[in-house]
Amino acid sequence: MLTILSEKFSLVNQWINELRNVEIQHDRMRFRRNMERIGEIAAFEISKGLETREVEIQTPLDTIKVTEIAVQPVITTILRAGVPLFEGILNYLDGADCGFVAAYRKHDANDYFSIKQDYLTCPSIEGRPLIVGDPMLATGASLIEAIKDLLTHGTPSQLHIVAAIASRQGVETIQNAYPDAEIWVGAIDENLTSKGYITPGLGDAGDLSYGEKLQR
Ligand SMILES: O=c1cc[nH]c(=O)[nH]1
């Protein structure tokens, strides 16, 4: 299932406009906060499909049967660009456990790149909803590698992918690899550059959040 959070105009459109706009996007605090806000909205939408249970709680006056999340999700992201979106998801799904993957694009002399993954730490995802936040779902290559590794930590009950902006190609790659995944995107752009950047996109989400990295 694919949900485009900006399909009907809402605040999400405004935040994505600000992420894209070169006159606004260099305000790092605003950039990170807009990413976080998209994560918060995605978490709210995801929460509607989580498994629930009834419990009885005590108010100062009486008891009442209420509904709560039955199985807490595991929220994961790919360092470093994914951190603000991840924080937004965790702001709302605050009982979740969390996992982290470190991956980067290693460019060769012809500027082709391969995905290098250095680090993975994650609690068990067995029988739990797994949420993977990747702000820019471009080719889908790093996300597929990350999910493959995360799935060595168990079989999740649900798989949710959250992106602020996705390319059409990236969405199709994930849908082919994980047909049961629920994909939540802020917006879809049609094209990728030869360097694998989404266009019109917004540029480099990691650099805009945390400063331009030195190339290695
Ligand atoms: O367009 C893109 C693609 C991947 N990562 C980014 O930060 N931007």
Side-chain angles (χ1 to χ4, degrees), residues 2 4-6 12-13 15-39 42 76-89 100-108 110-120 131-150 160-178 181 183-216:
L2 170 67
I4 304 171
L5 299 167
S6 62
V12 171
N13 301 66
W15 303 333
I16 293 172
N17 298 349
E18 291 182 5
L19 290 173
R20 291 184 190 276
N21 187 333
V22 290
E23 288 177 8
I24 300 174
Q25 64 172 189
H26 293 284
D27 174 349
R28 284 206 199 132
M29 190 167 73
R30 177 166 288 272
F31 187 89
R32 291 193 301 266
R33 181 65 193 125
N34 282 333
M35 275 292 179
E36 207 177 309
R37 296 201 271 198
I38 293 167
T76 61
T77 198
I78 305 171
L79 301 172
R80 73 184 160 151
V83 172
L85 185 71
F86 160 86
E87 284 289 349
I89 301 169
F100 299 91
V101 176
Y104 62 96
R105 291 173 168 190
K106 177 95 182 159
H107 291 266
D108 66 16
N110 299 316
D111 229 10
Y112 289 114
F113 67 87
S114 54
I115 305 299
K116 299 283 173 201
Q117 210 155 288
D118 288 333
Y119 175 81
L120 166 72
I131 303 173
V132 188
D134 184 7
M136 303 299 283
L137 171 50
T139 63
S142 47
L143 192 54
I144 298 247
E145 287 302 309
I147 295 171
K148 212 188 294 170
D149 274 10
L150 288 165
H160 298 271
I161 313 290
V162 180
I165 301 180
S167 74
R168 181 80 52 196
Q169 179 192 318
V171 168
E172 284 169 8
T173 301
I174 298 299
Q175 285 173 326
N176 289 333
Y178 299 104
I183 304 175
W184 307 85
V185 299
I188 293 193
D189 286 2
E190 291 305 323
N191 298 310
L192 282 175
T193 67
S194 58
K195 291 188 175 173
Y197 274 78
I198 299 171
T199 182
L202 54 74
D204 189 303
D207 287 358
L208 287 160
S209 295
Y210 299 115
E212 201 171 326
K213 63 188 154 302
L214 291 177
Q215 295 302 332
R216 49 179 175 163

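Indexing begins at 1, ligand by ligand and atom by atom, following the structure's order.
- When only non-hydrogen protein atoms are considered, atom 1 (O) of ligand 1 lies nearest to Ile198 N, 2.8 Å.
- Distances below 4.0 Å separate heavy atoms of Ala205 from the following atoms of ligand 1: 6 (C), 7 (O).
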#### Entry: CA sep, side-chain torsions, deciding dist, call: Val132, His160, side-chain contact (heavy atoms from CB on, under 4.5 Å)
CA-CA 6 Å; Val132 188; His160 298 271; over 6 Å; no
### Task
Might you work through the side-chain contact (heavy atoms from CB on, under 4.5 Å) test for Phe100 and Leu120, ending with a clear yes or no?
CA-CA 6 Å; Phe100 299 91; Leu120 166 72; over 6 Å; no
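- Paired with Arg80 under the rule salt bridge (charged side-chain N to carboxylate O under 4.0 Å, His left out), one option of Asp118, Asp134, Asp207 passes, and it is Asp207.
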### Message
Using side-chain contact (heavy atoms from CB on, under 4.5 Å), reason through Leu143 and Ile78 one step at a time and then give a plain yes or no.
### Response
CA-CA 8 Å; Leu143 192 54; Ile78 305 171; 4.2 Å; yes
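- Taking both residues in full, the closest heavy atoms of Ser142 and Gln117 are given as O-OE1, 4.4 Å, listed atom of the first, atom of the second, then distance.
- Within the 4.0 Å heavy-atom criterion, the part of Ala138 lying near ligand 1 is the side chain and not the backbone.
- The shortest contact between atom 5 (N) of ligand 1 and any protein heavy atom is with Met136 CB, 3.7 Å.
- Not a single N or O atom of Gly196, backbone or side chain, sits closer than 3.5 Å to an N or O atom of ligand 1.
- In terms of protein heavy atoms, atom 2 (C) of ligand 1 is closest to Tyr197 CD2, 3.3 Å.
- Smallest separation of non-hydrogen atoms from Ala205 and Met35: CB-CE, 4.3 Å.
- Atoms of ligand 1 lying under 4.0 Å from any heavy atom of Gly203, numbered from 1 in the order shown and given with element: 1 (O), 2 (C), 6 (C), 7 (O), 8 (N).
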